[in-house]
Amino acid sequence: MVSETSTTVKLGPDESTATTLVVDTETLKPGQYTYEVDSGANSAATGAVAVLHPPAFSLSDESSGLVVVKGASATLTANVTNTGDYRGLQRVHFAIDRDRNGSVSAAETTDERVLSIAGGQQQTVEERVETTELEPGQYEYRIASENESVSGTLIVQRPATFNVLNASAPTRVTRGDPVTASATIENVGDVDGTTTVEFSGPNGTEPMTRTVTLDGGESTNVSFTASTANVSRDTHNYTTSTETDTATDAVRVESSYFEVSRLEGPSVLYVGETAVFSARVTNVGNVTGTQSVEHRIDSDGDDRPEAYGVEESVTLKPGEQTRVRFELEYTLIDDTDYPVEPLKLETYVYGIYSADTRASSALSVKPAWASGSGGSNGGGDGSSVSNGEKASLDEITQDKYGYYYHEVSGETQRQVREIYDRQPFADGLVAVEVRTREQIARQDYGADIEPGDEFDFTALDIETQQRVEADFDAQFESESGDRIESWDELAQAEYGTSYENLSDTRQSSVRAAYQEQFD
């Protein structure tokens with residue numbers, strides 16, 4: 001095929017000019033062409049010209065395996081090819097239908113790239129898509145150049161997620177029996193995964209764990225058995241949990257509860273006598289139980305009664321009660337057949353204990369000769385002075401400690417002097433039964449004072465002082481000239497009512513008056 005073009009040129013003699021001839025190349029294919037310029041019959045010129053295609057771009061989607069777990073990233077990949085014969089620029093857009101409404105809007109464009117590609121060359125372009133904010137499901141994506149677009153589907157999978165289903169445990173269990181809980185663990189995610197299943201209960205229950213691996217949609221049953229030996233009698237929560245879910249069961253742990261009350265025993269014990277101790281034991285729990293009920297006595301003087309093997313096994317139904325009785329002979333002689341350390345002529349705390357509660361009191365040990373006709377568990381009227389008579393310092397010291405007054409320490413002498421000055425004793429008490437303020441503070445109110453240490457009464461908190469003093473006063477006849485009045489006594493004398501019924505201001509006044517008694 002020949003394309004022709006012409007133009008008219010006018011020239012005078014010896015005149016020349018330049019002219020341009022334009023040939024339309026739209027119909028020409030790329031390649032090499034020869035041309036001829038003919039100005040008439042007398043002259044012609046020939047040459048060659050190359051015809052080139054302008055830049056033209058094709059687009060292909062190279063994304064593959066666009067299935068990712070939520071939280072991971074996906075990569076969109078496209079190839080852009082310049083089919084022209086020389087370099088050109090091309091814009092490429094990436095977009096995802098995030099709202100899943102069926103169309104990709106301009107607002108959903110994630111990125112735009114401008115590519116410079118040589119003729120006949122290809123360039124790969126990628127876009128990384130984060131899926132943290134995408135809900136599991138299918139998303140349409142689009143990759144577009146200036147004159148064409150391609151689309152595809154991105155699938156976001158739900159990660160392995162472990163739910164706890166059908167959790168069950170007994171509603172009631174007896175303390176000491178195991179509690180067994182079970183549950184179904186289901187992976188409601190789309191992919192497999194591993195989780196740690198933990199079973200935990202109240203304080204006293206060690207958490208237990210188990211590792212479970214499941215495919216997406218798969219489930220398995222797990223069970224745990226826990227001890228209740230150290231669990232209190234109450235309703236407790238037992239939980240089965242994974243990293244993403246928890247189920248709780250309420251379990252009522254029931255047990256027997258042996259309440260010890262109505263303790264009876266001697267307040268004075270004469271050496272060599274048989275002492276009888278008894279107490280009522282009631283099962284206030286909600287199941288039948290068996291416990292060892294013990295008799296204890298503070299034989300080493302630390303105010304904590306020790307068990308020494310004197311006990312009785314008791315079985316009670318809920319609400320049932322019985323009376324336990326211990327008959328013991330105390331001695332000052334160390335005997336291998338005798339379970340208690342030899343007792344000195346002092347005051348001791350004793351009690352009857354169950355595993356749950358206790359009842360305690362105090363008794364004074366005095367020599368056999370002090371009982372007169374042999375004595376009894378209730379005390380005697382022998383050489384120990386009582387019934388309104390005044391005992392000497394030696395008599396008090398002998399009765400309480402087995403020594404003469406000049407043989408004891410200065411601290412003990414001071415406490416003996418307090419008892420001596422406060423005579424006569426009340427209620428038929430004898431000297432050995434009368435406790436010092438130190439003994440009352442240690443035995444009844446838990447004061448941290450070792451026997452033999454110097455006792456500073458005023459170092460006690462004010463409330464404990466008035467309670468100790470009230471107990472100390474009760475051992476003497478009320479007409480004693482140096483008697484310390486308690487808060488209630490001062491309140492009644494000044495305001496005609498008890499301390500608890502006073503205003504804050506009047507209570508402060510009473511406490512000040514109480515403290516003045518020691519100044």
Side-chain angles (χ1 to χ4, degrees), residues 261 263 267 298 302-304 347 349 351 357-364 385-391 393 396-397 400 409-519:
S261 62
L263 174 66
S267 59
D298 176 27
D302 64 355
D303 290 333
R304 292 188 295 271
T347 301
V349 176
T357 63
R358 68 181 182 184
S360 59
S361 185
L363 62 81
S364 297
V385 179
S386 63
N387 296 325
E389 299 179 16
K390 279 199 170 186
L393 291 172
I396 295 172
T397 313
K400 288 187 66 62
S409 68
E411 172 68 12
T412 303
Q413 285 182 350
R414 182 180 66 80
Q415 297 192 27
V416 170
R417 171 66 68 175
E418 288 178 346
I419 295 174
Y420 174 80
D421 290 341
R422 296 289 295 277
Q423 296 182 86
F425 307 138
D427 301 326
L429 293 176
V430 294
V432 71
E433 299 173 297
V434 177
R435 292 189 292 167
T436 65
R437 289 187 181 91
E438 177 188 344
Q439 289 172 320
I440 295 171
R442 282 191 295 113
Q443 295 169 358
D444 294 350
Y445 300 102
D448 187 15
I449 307 160
E450 293 294 332
D453 288 352
E454 183 176 352
F455 175 53
D456 182 5
F457 177 73
T458 59
L460 300 175
D461 66 80
I462 193 69
E463 184 174 356
T464 303
Q465 283 185 35
Q466 70 99 20
R467 289 179 176 175
V468 170
E469 191 60 40
D471 292 347
F472 185 69
D473 284 344
Q475 303 176 113
F476 305 94
E477 292 186 4
S478 60
E479 298 302 320
S480 176
D482 68 343
R483 186 176 188 279
I484 301 297
E485 294 184 285
S486 68
W487 288 355
D488 272 335
E489 290 170 325
L490 292 170
Q492 288 287 352
E494 183 69 21
Y495 302 108
T497 186
S498 68
Y499 174 82
E500 294 297 330
N501 292 332
L502 298 178
S503 66
D504 291 344
T505 300
R506 289 187 172 183
Q507 284 184 350
S508 177
S509 176
V510 167
R511 291 196 300 271
Y514 173 80
Q515 191 62 40
E516 287 175 1
Q517 298 176 99
F518 300 97
D519 295 339

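Values below: all heavy atoms of this structure, side chains included; hydrogens, waters and symmetry mates excluded.
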- line: In short, Ala426 meets Ala474 closest at the heavy-atom pair CB-O, 3.8 Å

message: I need the Arg437 CZ to Arg414 CZ distance, nearest 0.5 Å.
response: 8.5 Å

- prompt: So which heavy atom on Ile396 is nearest to which on Ala391, and how close?
  reply: CG1-CB, 3.7 Å

- prompt: Hey, which of Arg467, Gln439, Arg422 is the one that makes side chain to side chain contact (heavy atoms under 4.5 Å, CB included) with Phe472?
  reply: Arg422

field: Arg358, CZ atom: more than 12 neighbouring heavy atoms under 6.0 Å
entry: no

field: Any Tyr495 side-chain heavy atom under 4.5 Å of Val510 side chain
entry: yes

- request: Determine the minimum heavy-atom distance between Thr347 and Ala362, stating which atoms define it.
  value: CG2-CB, 4.2 Å

- prompt: How long is the span from the CD atom in Gln466 to the CG atom in Asp461, to the nearest 0.5 Å?
  reply: 9.5 Å

query: Are side-chain heavy atoms of Ile440 and Gln475 found at a separation under 4.5 Å?
result: yes

field: Distance, nearest 0.5 Å, that separates OG of Ser509 from CD of Gln507
entry: 11.0 Å

statement: Heavy-atom closest pair (Ala513 atom, Leu490 atom, distance to 0.1 Å) is C-CD1, 4.0 Å

message: With a 3.5 Å distance limit and no angle check, can you tell me whether Gln415 reaches the backbone of Thr412 through a side-chain donor-acceptor pair?
response: no

task: Report yes if some heavy atom in the side chain of Asp298 is under 4.5 Å from a heavy atom in the side chain of Gln443; otherwise report no.
output: no

Minimal non-hydrogen separation, Ala441 against Leu460, with atom names: CB-CD1, 4.1 Å

- prompt: So does Tyr445 have more than 12 non-hydrogen atoms from other groups sitting under 6.0 Å from OH?
  reply: yes

- prompt: Does Asp421 reach the side chain of Arg417, with side-chain heavy atoms less than 4.5 Å apart?
  reply: yes

task: Search all heavy atoms of Glu433 against all heavy atoms of Ser267 and return the closest pair with its distance.
output: OE2-OG, 3.4 Å

